[in-house]
Amino acid sequence: MRSLIIAVCQPRVTALDVATNATRHAASVRAASARVVVFPEMSLTGYELEAPTVAPDDPRLAPLVEACAATDTVALVGAPVEGPYIGMLAIDGDGARVAYRKQHPHSSEERFLPGPSPEVLEVDGWRLGLAICRDTGIAEHVAETAALGIDAYVAGVVDPPAGEAVAAERARRVNQEYGVWVAVSSFAGPTGGGYAETAGRSGIWAPDGRVEARAGRSPGEIARATMVASSLARL
């Protein structure tokens, strides 16, 4: 059976300090021992809505590229990117590229443009549908992403502590409607945008809705699972 080890990380983040945050991300990659490692929305800068954009060739990402090379990992990392968009960078041992741009920004994110299209990232034959935060609650986004043929729906988010159940509710909705794996990385601890605390509780859900792995509320925690190809997936 096809399988893929995936981890969702919620590292401690220092506002606007891309160099420090990239080093912490690199440590998470090394600790995760996974083929794919997912990070929260805007994880490289913190949820700072005025943060400068981060280019894929930014030299501050070097420790993260090196960690991915050493561990054969693909890291999915949040950052504001040129546009500007709220983006998801795919980073491996060869460098970084923008894999996805958030399609449904919040009204408070008026600085950012809506991303142009749903996207799928293929890793070892696994098709990962990509999402960022509010996208996960937009039925049209989930449907259009699933229509591309996916094995898993993968997202980086930021929620207040009271929103802890939101990720689980949305994950199970995707499970029920599309029969695919779901992996959500959620900020833990303080970040920008008025969040003195965030929800944490990053998780991975199997196609039947079972919780395969779930982190707690603390920064630095990692949840990890082996995804196995499912006959439930509607590809």
Side-chain angles (χ1 to χ4, degrees), residues 3-48 51-102 119-128 130 132 152 154-158 183-189 191-192 200 202 204 213 215 218-227:
S3 64
L4 187 77
I5 300 174
I6 192 167
V8 286
C9 298
Q10 46 192 54
R12 186 177 300 279
V13 170
T14 298
L16 303 175
D17 191 342
V18 173
T20 294
N21 295 333
T23 298
R24 289 175 179 159
H25 282 49
S28 293
V29 164
R30 293 177 187 274
S33 299
R35 181 71 172 105
V36 175
V37 178
V38 189
F39 292 91
E41 179 179 22
M42 295 181 73
S43 60
L44 280 174
T45 58
Y47 187 70
E48 302 288 341
T53 59
V54 178
D57 62 354
D58 191 312
R60 294 173 295 180
L61 301 182
L64 189 45
V65 174
E66 291 166 7
C68 289
T71 57
D72 193 27
T73 296
V74 177
L76 299 178
V77 176
V81 299
E82 184 178 1
Y85 299 97
I86 295 176
M88 181 183 286
L89 298 174
I91 301 178
D92 60 19
D94 294 324
R97 66 182 180 85
V98 180
Y100 175 67
R101 298 162 177 86
K102 186 175 184 178
E119 297 289 348
V120 168
L121 179 71
E122 189 162 329
V123 179
D124 299 345
W126 281 75
R127 292 177 60 80
L128 309 179
L130 306 180
I132 298 173
V154 177
V157 307
V158 56
V184 179
S185 175
S186 175
F187 252 112
T191 184
S202 300
I204 302 164
S218 300
E221 294 192 41
I222 298 171
R224 179 177 178 272
T226 299
M227 301 192 300

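Keep in mind that this is a model prediction, so the values were computed, not measured.
Of the inter-residue distances, the one linking E48 atom CD with T191 atom OG1 reads 6.0 Å to the nearest 0.5 angstrom. Atom-to-atom distance recorded for R30:CZ and E66:CD is 7.5 Å, nearest 0.5 angstrom. A distance of 7.5 Å separates CG in D124 from CG in D72, rounded to the nearest 0.5 Å. Rounding to the nearest 0.5 Å places CZ of R35 at 11.5 Å from CE of M227. Atom CG of residue L16 and atom CG of residue L44 lie 11.5 Å apart, to the nearest 0.5 angstrom. Atom-to-atom distance recorded for R224:CZ and I204:CD1 is 9.0 Å, nearest 0.5 angstrom.
Shortest non-hydrogen contact noted between Q10 and A188 is NE2-CB, 3.5 Å. Shown here for A90 and L121, the closest heavy-atom pair between the two residues is CB-CD2, 4.3 Å. When all heavy atoms of S185 and C9 are compared, the pair lying nearest together is OG-O, 2.5 Å. Scanning all heavy atoms of the two residues, the minimum distance from V8 to S202 falls at CG2-CB, 3.7 Å. Of all heavy-atom pairs between R127 and E122, the closest is NH1-OE1, 3.5 Å. For the pair T53 and V81, the tightest heavy-atom approach, listed with the atom from each and the gap, is CG2-O, 3.4 Å.
The closest side-chain donor-acceptor pair between D17 and T14, if any, does not fall under 3.5 angstrom.
At a threshold of 4.5 Å between non-hydrogen side-chain atoms, the residues V98 and P56 count as touching. In this structure, the side chains of V77 and S43 come closer than 4.5 Å at one or more pairs of heavy atoms.
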Between E41 and K102, does the side-chain contact (heavy atoms from CB on, under 4.5 Å) criterion hold? Intermediate values first, please. CA-CA 10 Å; E41 179 179 22; K102 186 175 184 178; 2.7 Å; yes

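Among V29, L89, L76, the one residue that satisfies the side chain to side chain contact (heavy atoms under 4.5 Å, CB included) test with F39 is V29.
At most 12 heavy atoms of other shown residues, nucleotides or ligands fall within 6.0 angstrom of atom CZ in R12.
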